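Because only heavy atoms are used, hydrogens play no part in the values below, and waters and symmetry mates are left out as well, while side chains stay in. In the text below, chain A, chain B and the rest are named by the order of the sequence lines, each starting its count at 1. Here the structure is a predicted model, which means the values were calculated and not measured.
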Protein chains: 2
Amino acid sequence: MSDKLVARSAGGDLGGAVRCVECPLRRLDLYQPVNDTELTLIDELKRADVSYRAGEMLIAENTDDTPLFTLLRGWAIRFKTLGGGRRQILHVLLPGDFIGLQQKMSDAASHGVQALTDVHVCRFARDAVWTLHRELPSLGYGITWLSANQNSLVDDNLLSVGRRSALERVAALLVTLYARALPHDDEAATLGLRFPLTQQHIADAMGLSLVHTHRVLRQLRQRGLYELQDGGRLVLPDPKALAQMARLRWPLEMARAPLI
Amino acid sequence: MSDKLVARSAGGDLGGAVRCVECPLRRLDLYQPVNDTELTLIDELKRADVSYRAGEMLIAENTDDTPLFTLLRGWAIRFKTLGGGRRQILHVLLPGDFIGLQQKMSDAASHGVQALTDVHVCRFARDAVWTLHRELPSLGYGITWLSANQNSLVDDNLLSVGRRSALERVAALLVTLYARALPHDDEAATLGLRFPLTQQHIADAMGLSLVHTHRVLRQLRQRGLYELQDGGRLVLPDPKALAQMARLRWPLEMARAPLI
DNA sequence: CGATGTATTGACCAGCTTCAAGTAACGTGG
DNA sequence: CCACGTTACTTGAAGCTGGTCAATACATCG
């Protein structure tokens, strides 16, 4: 984490808010282009740049009236818990992901959002979703797009957890996260991908026990398909083989998303 | 199935399209009210009333450019398949549900939609999502709402499949579907809830084998928590006990949804 | 330097899957 | 009207995948 992004306290506002025009994410060419009108509206709705330390909750489970965020930097998870210390990670959030939609809409059972790494987000007021729809339908459409897209990623997880073997599950998770995170990590090609998930996280994402997750990872390591280097950097020598093992298409085609 | 809703052939258009104003679903008082402008727009975008027979595919897996539907009557499933005859049911669709959003937006891996019973739907053109957003932001917002809401139902399924025991899973599925479907079945109180899922469906929804699903159901039956009567009518003598068994809140609060 | 979190490994076993087989209900065509 | 195919349900036996329990090693951190 570079110092300028680390807040002094939990969920603290940063000194100088970055204008959306200068948003470093947009330069990445991963996102749908926006015109000036759209950018201005997003800028107006943006309340603050906020950062959280690794481990902090952006949204606690079972709360409503939560704010909305766009994740700018770092990793986070969406999760639910059950009695007996059971936790299910629903989705891993990466830069560009929009956070907090489900909470806002219905009062269906909610989930928590926790920072995995130090994290940097844009915060929006709760009613920004409605404002976006009302003022600029193109951005409202973008919100719908993002929601539908996250939905299909959760669908994939559900398929894994429900119908894939432990080996297939872990392979699927690794290769999917690898593909999603790669564009956000400059040093991935040389040093490996910065990968903050612990074995416990992988277990909680795939509905496995910690011990068995470890055994599966060891197996993948022995087959030369997985390596975790010092500093938590992930190397997948043969992503395609992992994808085949998980019965996933490769390469994973990723559509250009809206960034709000 | 009443005769007037049964089409002559697969996915056949019905003779007379029902105007949205007269839509029988809206009278149910389960949905957010709409004004005349909104109703007119929905009516314009509506292409046809269509019905499918039980078992037919509304949307085949791995196709794009699929139409959009609103489910008016009957049950359907959203599912994905994997090699080796493995299938995961992602979500059970009931009247009022909007179908086909994920397919439209990104080209992320897609799912199929299959009718469980004879089914009656409104069909919309593919670009209706954008038109709704552009012409009437309130309806665009409704689409986002529906997407987020379905998302949180899938989240619940993922929690079940990942972290609940077989007994808890089946209990959770039964009680959740019971609560969702009850308002759509007049005879539920007297005859039991019309319930078209087979044991195989329950297994595929909860990531279990058919045999084990059967054993779990027998156990629930022996405990007096579950009964399936002639004609496939589901009776849950003590839904609250099932909910507690699954560690679900009870009663399940259901927000008033938009109907598009 | 102890406390904490993560990774690692072995032993044991249970929850669930797989295989196999039989029953019942239903629709179809001869 | 009955033989037959099909689908759903049912049950038992065997065994594997993956869970639980327990203990060690290692790093980081205040």
One thing to verify: whether [Y] and [X] come together as a salt bridge, which I'm taking to mean a side-chain N less than 4.0 angstrom from a carboxylate O.
X	Y	value
A/R194	A/E187	no
A/R87	A/D204	yes
B/D49	B/R73	no
A/D238	A/R223	no

For [X], answer base if it contacts any base atom (sugar-phosphate contacts may also be present), sugar-phosphate if it contacts only those atoms, and nothing otherwise; contact means non-hydrogen atoms under 4.0 Å.
X	result
B/R221	sugar-phosphate
B/G232	nothing
B/L210	nothing
B/T198	sugar-phosphate

Given atom [atom1] of [X] and atom [atom2] of [N], what is their separation to the nearest angstrom?
X	N	atom1	atom2	answer
B/H214	D/dG12	NE2	P	10 Å
B/M206	C/dC16	CE	C1'	15 Å
A/E168	D/dG18	CD	P	9 Å
B/R164	C/dG15	CZ	P	18 Å
B/H212	D/dT10	NE2	C1'	15 Å
B/R53	C/dG27	CZ	P	12 Å
A/D204	D/dG19	CG	C1'	14 Å
A/Q219	C/dA7	CD	C1'	18 Å

### Task
Please tell me which of A/H201 and B/L167 maps to the more 5' nucleotide of DNA chain C, matching each residue to the nucleotide holding its nearest heavy atom.
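Nearest nucleotide further toward 5': that of A/H201.
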Side chain of [X] only, heavy atoms from C-beta on: which candidate in [options] is closest?
X	options	result
B/L208	C/dT17, D/dG18, D/dT11	C/dT17
A/S209	D/dG19, C/dA7, C/dC16	D/dG19
A/R215	D/dT11, C/dA7, C/dA11	C/dA11

### Query
Of A/H91, A/Q88, A/K80, A/R78, which is the lone residue that meets side chain to side chain donor-acceptor pair (under 3.5 Å) with A/H111?
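Only one option passes, and that is A/R78.
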### Query
Under 4.0 Å between a side-chain N or O of A/Q200 and OP1 or OP2 of C/dA7?
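The answer is no; no side-chain N or O of A/Q200 sits under 4.0 Å from OP1 or OP2.
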